[in-house]
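Data block below; observations after.
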Amino acid sequence: MREKIKKTVHDAFNTAVSKGLLPEMEIPSAHQVSPPRQKNHGDFSSNIALISASAAGRPPRQIAEQISSLLKDDPLFEKIEIAGPGFINFFVSRSWWQNNLLTICNAGDAYGESNAGRGIRVQVEFVSANPTGPLHVGHGRGAAVGDSLARVLRAAGFDVDTEYYINDVGNQMRTLGKSVYLRYQEYHGVEISFPEDHYQGAYIRDIAREIAEREGDRYLDASETQWLPVFRDTAVKAISSGIRRDLADFDVHFDHWFSERVLYRNNLVEKTISELQTKGFIYEKDGALWFRTTEFNDEKDRVVKRSNGVLTYFASDIAYHRHKLDRGYDILVDIWGADHHGYVPRVRAALKAMGHPPDRLRVLLVQLVNLMEAGKPKAMSTRAGEFVTLREVLNDVGSDAARFMFLTRRCDSHLDFDLELARKQSQENPVYYVQYAHARLASVLRTAKEQEVDLWEPDQVDLSLLDTDEETDILKQAEAFPGLIADSALALEPHRISYYLSNLAGHLHSYYNKCRFISEDQDLTQARLLLARVMKRIFRKGLNLLGVSAPEKM
RNA sequence: GCGCCCGUAGCUCAGCUGGAUAGAGCGCCGGACUUCGAAUCCGUAGGCCGCAGGUUCGAACCCUGCCGGGCGCGCCA
């Protein structure tokens, strides 16, 4: 509808120009058609007169007058008003909204989807936690945002792949193996001193115990070259499968799991560096290789190969992003913890150096989660390895509540996650509000069935009976659903979906309390039940985009 | 010190990339179940959009400078 009105205004503008009502000029690109905040300003509002006023050399209200006079007879509109400094306000006729319900209904389960993305290939990479410990709540937020964003992008017509990058190369893997080995020695009664920079969590002991129970003490006298591969790989395997299980229970499933080892196995890191070297972006200093990222707005140059010959994490990151683009993705979305924001300029620099437009990489920074319990901050000391895991949160409050909480806020704002609130099955918990709207509609339709009300074919229903203000509001919101998904996808902001749904649920609950779906009036009942069916589908679709279930009963 | 993010109702946060009189949830107070589910609804109160300038028809939004909070600034991963 919005696009339709925009086009209508454009046509009228051009007509006005060709008729000589306005001076020769282009349609200003800043022209916007948007729903006004104030209800009495109509359904949509155009600012075209305001922004073209100075170029046209006329007062805005006069321009608005000329454009609107050309549109007065369009039956789409109930009325057109000129208001304030020169806005043109459009009031769409009620019958259009009513008839649109049939269009929505005919779209079926696909309603809400669009082709805004035009099949552009997008890769969304998220979580990507190192396999050195279980996922914590912060990862959970990233997982919820990434997974939901992927769903939204798909619904908006993008061709989406999701990916988890496994950082399984380097020193940390050795540290992991050693941590387990030390606990293994400890298990067998060997006196150990456990270094502070090793992995502290209790899960390390669990893995050590498993190995000890399975293998006995045969590794006590072994050399590091013998035990390290065993302890390291066992740990990675155990931790990785734990991570996968946590994500699966969070209803997050990846299309690809990409191992950093693949980059090394195919020599891609070395190749990428030497390519940059050929292009002259690499120099040697103090025995190390440096990448001149300052040439692309980074604060300082970065090391890609240390003087001891070891490639840095950054080096494999460059190779990884190159590899992603080589795989044919048009846009790369990286979702990182906000504490990594310092890496954005250097990765961008790498893309630029390799000749890619840097805006093909979109980085979403997800702020850390502040866990609360009944309004009080819950202590999280990372140094003792006592962070709260995603698993604990899932067991505590459930997947639906957790996901909804993570998705009600913009991802770059700090999030207070109150466990007590998320646990509560009451009105304070926003998850239930939306789910209840869905369950209520399901209940209404069940009741209709029990009372043996036969549902008519949609095109047999008299939609003009949906004429209360509440119904009109709901019809308008339903119409906006596909546009909302498209906007949410283009802005990479999945939280808009949860706001939309909360708002829609509000309208629905309000309507429910005021009007009855099922009544003596057969025609009215049919019209309202059709509305119920359509709304239920929108709730289900919307909740699904968030990865939250849509229960028939609660 | 430099860089990035944030500052909106008592609390937690939206504000559709610059629009008209600033929004929601929670909390407070007062009402609504013999009726399709009260996990709901209806009503009241609550604001110098951190501060000060600038840009223009128009600023919570864009620019500059302060104030306050978070994070990052290794040949770590």
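Order of the sequence lines sets the chain letters (A, B, ...), proteins ahead of strands, with each chain counted from 1.
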(message) Measuring only between side-chain heavy atoms, which start at C-beta, is A:I538 closer than 4.5 Å to A:Y500?
(response)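 Yes, close enough: below the 4.5 Å cut-off.
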For [X], report the nucleic acid contact type (base, sugar-phosphate, nothing); a contact means any heavy atom under 4.0 Å.
X	value
A:D339	sugar-phosphate
A:V363	nothing
A:H41	base
A:R440	sugar-phosphate
A:P345	nothing
A:N130	sugar-phosphate
A:A437	nothing
A:C411	nothing
A:E450	nothing
A:K553	base
A:A288	base
A:N89	base
A:Y512	base
A:K285	base

Among [options], the one nearest [X] by side-chain distance:
X	options	result
A:I518	B:rU12, B:rC75, B:rC36	B:rC36
A:Y436	B:rC75, B:rA38, B:rU35	B:rA38
A:D416	B:rU12, B:rC16, B:rG72	B:rU12
A:D286	B:rG70, B:rU12, B:rC75	B:rC75
A:F87	B:rU40, B:rA20, B:rU17	B:rA20
A:V444	B:rU12, B:rA39, B:rC36	B:rC36
A:K300	B:rC75, B:rA14, B:rG37	B:rC75
A:M554	B:rC36, B:rC57, B:rA39	B:rA39

Looking only at atom [atom1], what distance separates [N] and [M], rounded to whole Å?
N	M	atom1	result
B:rG58	B:rC66	P	27 Å
B:rA14	B:rU8	C1'	10 Å
B:rG46	B:rA9	C1'	6 Å

(request) Let me know, please, whether A:Q367 or A:H414 comes out on the 5' side of the other along RNA chain B by nearest nucleotide. (result)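 Nearest nucleotide further toward 5': that of A:Q367.
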(request) Please figure out whether A:P85 or A:V303 has its closest RNA chain B nucleotide nearer the 5' end. (result)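 Its nucleotide being nearer the 5' end, the pick is A:P85.
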(request) Record whether the side chain of A:S45 comes under 3.5 Å of the base of B:rA20 through a donor-acceptor pair of N or O atoms. (result)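 Such a pair is found, so the answer is yes.
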(request) Classify the side chain of A:H341 versus the base of B:rG3 as yes if they form a donor-acceptor pair under 3.5 Å and no if they do not. (result)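 Counting by modelled atom types and ignoring angles, a donor-acceptor contact under 3.5 Å is found here.
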Would you say the side-chain atoms of [X] and [Y] include a donor-acceptor pair closer than 3.5 Å?
X	Y	value
A:T408	A:H495	no
A:H414	A:R409	no
A:Y320	A:E163	yes
A:Q277	A:S274	no

(message) Please verify the inter-ring angle class for A:F517 with A:Y511; under 30° counts as parallel, over 60° as perpendicular, anything in between as tilted.
(response)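 It falls in the perpendicular class, over 60°.
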(message) Parallel, tilted or perpendicular, judged at 30° and 60°: which one describes the rings of A:F417 and A:F406?
(response)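 A:F417 vs A:F406 ring planes: tilted.
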(request) Give RNA chain B the dot-bracket treatment, 5' to 3': Watson-Crick (N1-N3 with N6-O4 or O6-N4) or G-U (N1-O2, O6-N3) under 3.5 Å, [ ] crossing, | other strand. (result) (((((.(..((((.....[...))))..((((.......))))......(((((..]....)))))).)))))....
(request) Could you tell me whether A:R362 atom CZ has more than 12 heavy atoms of other residues or ligands within 6.0 Å of it? (result)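 Not more than 12 within 6.0 Å, no.
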(message) Please tell me if A:S443 has a side-chain N or O lying less than 4.0 Å from either OP1 or OP2 of B:rG37.
(response)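 Answer is yes, contact under 4.0 Å.
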(request) Respond yes when some side-chain nitrogen or oxygen of A:S413 is under 4.0 Å from OP1 or OP2 of B:rC5, and no when none is. (result)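 False: A:S413 side-chain N/O out of range (4.0 Å or more) of B:rC5 OP1/OP2.
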(message) Testing A:L182, A:L176, A:V180 one by one against A:F231 for a side-chain contact (heavy atoms from CB on, under 4.5 Å), which residue passes?
(response)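 Passing option: A:V180.
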